Amino acid sequence: MNEQECLGLLAEMPHQWLAAIGATVISEDLRLSWTDDSSPCAVLHSPHKAPAEVLYAAWPSREDLARFPVIEWNLYNKQDIPLADYRRMTRASLAEGHAWSLAAAATDLAHSRRTAGTAARGPFNPGFQGPSSPHRSLLTMVSCTFNDVARALDGLLPSAKGDGLGLDPGRFADFQGTEKGVRTVYPIEVMAFYGLALFPLRGDGIRDTGRARQRGWTTGRRREDEFRWPAWRQPLDRWAIDALLDVWDPDRESIDGSLGITAAWKSVRRDRPGQNPGHGYASQPLQ
């Protein structure tokens, strides 16, 4: 088994943690674990070749992404979608293998206090920030070379002009607000998009039961926008990560070592000061 520590994928950064999971969605030959130190980074495992080579061999093209229904119908620019339209899009997408992109953006089972009979977006809000859209951002970012992907995994690829999922607190060109523009690391944002495959929105469609609409989000008296996530020691593929996240309880105060979990964090919103507001997410460790 080949292993690669990825200093560009830190568990404590929500968008990089999501990107590490996305690597296992892009290539199902990859396994993911985390180093057991004070600032864990992703460790990618592959059976035959170097993990960076395995990832790039499965890297999507612009044409691949253009066929994703969430991009084809420009779903990110809509807050609520008529259920009839959502169901039509879902039926048309089931055979394509990318229906998860619809479930990551909205669901016809989500309860909406504002309007009835719509598919509402949930707290993870995977839409692109500001005027950007997947056509103007993601379809540009996906055109990466092998060197781009390898350097991004190592944490060495410089950021470039462009928006992403809106989670990276360092994506603003000047966090003091004196310079307009957003910068991001393209391969990381593409991988984070694929990581959304493990985060479908959900709900009963009838009443607000208090259950988080998306896994990882706390419920009860805590703020709805507090996301919690774990790192683990065992190499897991996409489906094993999916199973682990099913049993991971974000409302627990302590880390459950019986699951192989070595650390966990909660999201902390970071607002951009100045005349051009925006925000991203950093983290605080859980004990």
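What you are looking at is a predicted structure, and each value in this text was computed from that prediction instead of being measured.
R31 places no side-chain N or O within 3.5 Å of a backbone atom of H45 that could act as its donor or acceptor partner. In this structure, the side chain of R238 does not engage the main chain of E28 through any donor-acceptor pair within 3.5 Å. Y194 places no side-chain N or O within donor-acceptor distance of the main-chain N or O of L18, the cut-off being under 3.5 Å. Between the side chain of D64 and the main chain of S61, a donor-acceptor pair closer than 3.5 Å is present. Side-chain N or O atoms of Q234 include one that pairs as donor or acceptor with a backbone N or O of L259 at under 3.5 Å. Between the side chain of E5 and the main chain of T35, no donor-acceptor pair closer than 3.5 Å is present. In terms of modelled atom types and a separation under 3.5 Å, the side chain of Y56 and the main chain of C144 share a donor-acceptor contact. D148 places a side-chain N or O within donor-acceptor distance of the main-chain N or O of T145, the cut-off being under 3.5 Å. Counting only distance, with no hydrogens or angles, the side chain of W59 and the backbone of I26 share no donor-acceptor pair below 3.5 Å. At distances below 3.5 Å, not a single donor-acceptor pair connects side-chain atoms of W229 with backbone N or O atoms of E12.
Between A197 and V25, the closest heavy-atom pair is CB-CG1, 4.0 Å. Taking every heavy atom of both residues into account, N2 and H48 meet most closely at ND2-O, 2.6 Å. Here the shortest heavy-atom pairing between L7 and L10 reads O-CD2, 3.7 Å. The two residues P51 and S46 make their nearest non-hydrogen contact at N-OG, 3.5 Å. Minimum interatomic distance between S27 and A58 (heavy atoms only, all atoms of both residues): CB-CB, 3.9 Å. Annotation for W248 and A264: closest pair CH2-CB, 3.5 Å, computed over non-hydrogen atoms.
Note: the hydrophobic cluster containing W100 also contains V190 (ILVMFWY, side chain heavy atoms under 4.5 Å, direct or indirect links). Hydrophobic clustering, with ILVMFWY side chains joined whenever heavy atoms are under 4.5 angstrom apart, keeps V43 apart from L55. In this structure, F146 is a member of the same hydrophobic cluster as V54, with clusters built from ILVMFWY side-chain heavy atoms closer than 4.5 Å. Cluster membership check: W17 shares its hydrophobic cluster with V247, using side-chain heavy-atom separations under 4.5 Å among Ile, Leu, Val, Met, Phe, Trp and Tyr.
Two residues are said to be in side-chain contact when any heavy atoms from C-beta on lie closer than 4.5 Å; S159 and V185 meet this criterion. Side chains of D249 and R228 form no contact here, defined as non-hydrogen atoms less than 4.5 Å apart. Within the 4.5 Å cutoff, no side-chain heavy atoms of F68 are placed close to those of L138. Side-chain contact check for D29 versus K49: every heavy-atom pair is 4.5 Å or farther apart. Taking 4.5 Å as the limit, some side-chain heavy atom of L153 sits within range of a side-chain heavy atom of M191. Counting heavy atoms from C-beta outward, L44 and L32 have side chains that approach closer than 4.5 Å. The shortest distance between side-chain heavy atoms of L245 and F199 falls below 4.5 Å.
Scored by the side-chain contact (heavy atoms from CB on, under 4.5 Å) test, A231 finds A11, W34, T262, W265 as partners (sequence neighbours excluded). Taking A240 as the reference, L236, D237 meet the side-chain contact (heavy atoms from CB on, under 4.5 Å) condition, with sequence neighbours excluded.
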For this session: Kindly indicate, with the supporting measurements, whether the criterion side chain to side chain contact (heavy atoms under 4.5 Å, CB included) is fulfilled by V142 and F193.
Result: CA-CA 11 Å; V142 77; F193 171 75; over 6 Å; no
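Between the CD1 atom in I188 and the CG atom in L157 there is a gap of 8.0 Å [rounded to 0.5 Å]. Note: M13 CE to S39 OG = 10.0 Å, rounded to the nearest 0.5 Å. In this structure, L9 CG and C41 SG are separated by 8.0 Å, a value rounded to the nearest 0.5 Å.
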